[in-house]
Structures are given as structure tokens and as C-alpha cells.
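Read the numbers this way: they start at 1 and go in the same order the structure lists the ligands and their atoms. All residue numbers refer to positions in the sequence shown, counting from 1.
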Amino acid sequence: MQSIIEQVQAALGGHAGLALGYGLIAVLACQLVLLLWSTLMRLRHEHTQQRLDRERLETLVRAAKYRYKEAQEVVQGWNGYRKFTVTQKSCECEDVYSFYLMPHDRKPLPPFKPGQYLTFSLDIPGRDKPVVRCYSLSDSPTRPDCYRVTIKREKAPPERPGAPPGVASGYFSDYVKEGDLLNVKAPTGHFFLDLSKTTPICLLAGGVGLTPMLSMAKAVAESGSRREVWLFFGCRSGNEHMLREDLEELRRHDNIRVLVCYSRPAQTDVRGEDYDLAGRVTVELLKEKLPSNNYEFFMCGNGAFMMALNDGLEAWGVPEKDIHYEAFGPATVKKRAAPVVAAVTAGPACKVTFAKSGKELEWKPALANLLDFALEQGVRIESGCRAGSCGACSVAIKSGDVDYVKAPDAAPEGGSCLTCICRPKGDLVLDA
Ligand SMILES: Cc1cc2nc3c(=O)[nH]c(=O)nc-3n(C[C@H](O)[C@H](O)[C@H](O)COP(=O)(O)OP(=O)(O)OC[C@H]3O[C@@H](n4cnc5c(N)ncnc54)[C@H](O)[C@@H]3O)c2cc1C
């Protein structure tokens, strides 16, 4: 080794050491520059990486917030009206149609509780403002892609044959077609079946009052629960026997008993094939078929149907807490409204004036609300849900004040009242 260095020194002469020194310095300087360069590059890369990470995080937060909002909408429904497309319209029986509705924005649908309803705001030609009506969801709540409502055309009442037929139900029956867009509020309503319970239930349906009952029975069937269900459906004859396939499907579940009663079977209706029993759904029938009165009863039908069954069930010893009902129209089980409103009826008798109709009337404390009072006195007030939710029955108060039987779901406009859930506090003048 020594000899090699000596040989190089000899070959390079006296300046060799110096040259070697410069060479080493140059190499070191190059290494230093390279080190600095790579450090700079690394810092720059790290900085870019951090910026990208931050941007990615911000995107993720935004996406999470969006998904949270969407999930909330799916769980809780949506605010106000949302556009739905009618994807299918099918005739169930004479004057009854089912409408299948999919959200126009194709976003997921919130589940609903069996028994709840949708509120529609309909732009009907010839009407100066939208007509608001509610329709119960008639299918199982486990269908995630579409909702179904089943609507019966309302004819003029028998005691007023000259009255115009139902506005909204006529519009649905005659004009609404597949592909049309409708404005719909999210499912709501306090009349529903609690699927977390296992108590046996008895569902009593009269006519189109079958819709919420069917949803309840289908919900039990599709949940796989062994809960005992009895469904009594009453209609006049085969012409009014709606949603047959769904009812037949329910019979396949051995925990669900379906009994279809025709009050006036046609000659062509075959007992055992089209219907089970001739006659109405009465408490006597329930006593004959049910092993006991130990059921939670849900009913929906016209006024006479519900009043008779409610009275009969109470007389049979069914506690009031186990009787639930939904009224589609002015017909309520009024007796039950009385204790609720007793607290607010105290006070002197009062006068209610319907200014536009020119009627000044003595208030009837036995009535549950101002809407029923108005309709009974022949004053037309629009109505929808009859539960203080849709706002259709809102009327301006010209003077006086009202008491609410239950808190409104959404506060009415200032100076107005929701007539379906309020009563006069004293003399009252309404702009109706
Ligand atoms: C929570 C809830 C759920 C519901 N679910 C369903 C459902 O699933 N299916 C269903 O079919 N319905 C359902 N309804 C009823 C529905 O909301 C409507 O009330 C029904 O369709 C009638 O509305 P309409 O606009 O056709 O009739 P309206 O125009 O409101 O008329 C109602 C009745 O009054 C008569 N009438 C009109 N003008 C006069 C007058 N001047 N004098 C006397 N009588 C007159 C009409 O002939 C008709 O018989 C439900 C209601 C509620 C509150």
C-alpha cells in the first residue's frame, strides 16, 4: 500500500498532496450540495404531501357531513315537500287505485312506521291554491325503493246527492297517471304499530280503512315475528274487495288470521273463495272468533263502523289504552275526545262567528274541535291530517283566541289557528 502511494506521489510530483486535498474538498462539496438538494426536495415533497393530506381530510369531512345529512334524512324523513314520480297506478277494485311512488331524486327513502301516512299537496286545475290531503301508506315498511298509497274515489254523500264529488280522490282516480310528479311530505302520524312489542293484536278495517291495517299486518309478517295477528276486513261485496293479493298472501302465515266479511255479497261472490263470512264486522263476531279480549285493537273505517266497535269493545271490558283508531274524515270516535278536552272546556258558553259564511253560532262543547264544529254547521274548511300536522285546516282568527287540544306539530302562521286540534277560548271570529 505504502509503495503504491509513494509511486503515485512520484508520478504526480510535489503538488500531488495538494491536488488530492482539492479533490477531496470537491467531492465533499458535491456531497454537501447533493445533501442540501435532497433535503430541500424532501421538505418540498413533505409539504406537498401535507397539503394533499389536508385536502383529502377536508374532502372526507365534507363527504361524511353530506352522508350524515343524507342518513338523517333517511331516518327522519325530509322537510317540506319532495317530488315523487308515480311509477305505477293499479286498479284494486271499483273506484280504488293504488299508486306506487318513487322519489324523483332517486335518493334512499326513510322507513316509516306501519300505520303512518303521507301528505300530498296537489295542484289541481281550476283550484286557486294547492289541495292538501293525507293518505295512509298501504304497503309494508320494509320496501326501501318506493311507497304505496291506495285511494278510494269519494262520491257525494248519500244525504247530499247534489254535492260535488271528492276533489283529491277524484283527481287521483281520473287524472294522476304513471310518470306524473307529485309533492309529498315525509311519512308521519301517531297511529302506528310498535314492532318492538309482542302483544297480540286485532286489526279492524272497514272499506278503505284497510290501508293502514294492511301495512301493520304485512310489517309483522315480513319481520318474521310470531306475534299473533287477527285482521277483520269488512266491505259490502266483491266489488269493494280491495288489495286481495296482499290479503291472500297474509293467510300463508300461521300466526296471522284474515277474515273478510261481505255485508251484502253479490250473487257472483263465492263464500270460502271470495270472502269468509257474510255480515258486518261486529263485536259479537270478535267475541265468537277471538279466544279472549286480551288484544291491542287497532281500527280504521267510517264513523259508524268505529263508533259501534269502540262502544262494543269498551262494553266487553277492553281497556281504553288498548283501543287505537284512525279517522279518515270528520268521523271520529268523539266520545274519546271528551276527557282530553274537558280541561279546556271549562268556562262560559261562547259564540263562534264564521265571518265569510256569515254564520254566528253557539259553540257546542261536546265537539272535539273547531273543524268538526264548522263542518257540522255546513261551513266548509279544508282539512288534511286532522292531527295538527299538515296545516291544511289553518284559518285566520279575526278576534278572540283558541285552546289547543294537543300541541301542533308545526306552529300555525301568526294570527291563525289549526282548526282540527283547537277549540274556542271565548267568543271567537274566524275568517271562514
Ligand atoms: C290520516 C289520514 C289517512 C288517510 N288515508 C286514506 C287512505 O289510505 N285512502 C283513502 O282513500 N283516503 C284516506 N284518507 C282520506 C283522504 O285524506 C281524503 O279525505 C279523501 O280522499 C277525501 O278527499 P277528497 O278531496 O276526495 O274529498 P273532499 O273534496 O274533501 O270531499 C269529501 C266529501 O265531502 C263531500 N262534499 C263536497 N262538497 C260538499 C258540500 N258542499 N256539502 C256536503 N258535502 C260535500 C264530497 O262529495 C265527499 O264525499 C285519509 C285521511 C287521513 C286524515
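- Judged by the shortest distance from any of its heavy atoms, Gly378 lies outside the 4.0 Å radius around the atoms of ligand 1.
- Between the OG atom of Ser263 and the OH atom of Tyr275 there is a distance of 11.0 Å, given to the nearest 0.5 Å.
- Heavy-atom separations between Val149 and ligand 1 are all 4.0 Å or longer.
- Remark: aromatic rings of Tyr117 and Phe191 are distant, center separation not under 6.0 Å.
- A ring-centre distance under 6.0 Å is not found for Phe192 and His324.
- Side-chain polar atoms of Thr85 and Thr87 form no donor-acceptor pair below 3.5 angstrom.
- In the vicinity of Ala163, heavy-atom distances shorter than 4.0 Å reach the ligand 1 atoms 39 (C), 43 (C), 44 (N), 45 (C).
- Compare Ser136, Pro157, Gly166 by their heavy atoms: the one nearest to atom 31 (O) of ligand 1 is in Gly166.
- Ligand 1 has at least one atom lying under 4.0 Å from a heavy atom of Gly384.
- Per-residue contacts place Pro165 under 4.0 angstrom from the following atoms of ligand 1 (heavy atoms of the residue considered): 47 (O).
- Contacts between Tyr117 and ligand 1, counted as non-hydrogen atom pairs separated by less than 4.0 Å, involve the side chain only.
- Ligand 1 places these atoms under 4.0 Å from at least one heavy atom of Ala327: 53 (C).
- Taking only non-hydrogen atoms, the option from Glu154, Arg133, Arg160 nearest to atom 30 (O) of ligand 1 is Arg133.
- Atoms CG and CG, on Leu204 and Leu313 in that order, are 6.5 Å from each other to the nearest 0.5 Å.
- Taking all heavy atoms of Gly189, Pro164, Cys385 into account, the minimum distance to atom 47 (O) of ligand 1 is reached by Pro164.
- Here CD1 of Ile323 is found 11.5 Å from CZ of Phe298. Values are rounded to the nearest 0.5 Å.
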### Task
Evaluate the side-chain hydrogen bond (donor to acceptor under 3.5 Å, both in side chains) criterion for residues Ser215 and Ser138: first the C-alpha distance (whole Å), next the side-chain angles of each, then the deciding distance (0.1 Å), finally the verdict.
CA-CA 5 Å; Ser215 182; Ser138 62; over 6 Å; no

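- Close approach of ligand 1 to Thr211 (heavy-atom distance below 4.0 Å) involves ligand atoms 7 (C), 8 (O).
- Contacts with ligand 1 closer than 4.0 Å are made by backbone heavy atoms (N, CA, C, O) of Thr150 only, the side chain lying farther away.
- Within ligand 1, counting atoms from 1 as listed, the ones closer than 4.0 Å to a heavy atom of Glu326 are 1 (C).
- In Val167, the parts holding a heavy atom less than 4.0 Å from any atom of ligand 1 are both the side chain and the backbone.
- At the shortest separation from atom 26 (O) of ligand 1 among protein heavy atoms lies Ser169 OG, 2.5 Å.
- Of the candidates Glu159, Glu382, Arg153, Arg380, the one placing a heavy atom closest to atom 34 (O) of ligand 1 is Arg380.
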### Evaluation steps, side-chain hydrogen bond (donor to acceptor under 3.5 Å, both in side chains), between Ser98 and Glu92
CA-CA 7 Å; Ser98 280; Glu92 297 291 353; 2.6 Å; yes

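- Ring planes of Phe99 and Tyr97: tilted class, angle from 30 to 60°.
- Near Tyr135, the atoms of ligand 1 lying under 4.0 angstrom from a non-hydrogen atom of the residue are 4 (C), 5 (N), 6 (C), 7 (C), 9 (N), 10 (C), 11 (O), 12 (N), 13 (C), 16 (C), 18 (C), 20 (C), 21 (O).
- When all heavy atoms of Thr419 and Cys393 are compared, the pair lying nearest together is OG1-O, 2.8 Å.
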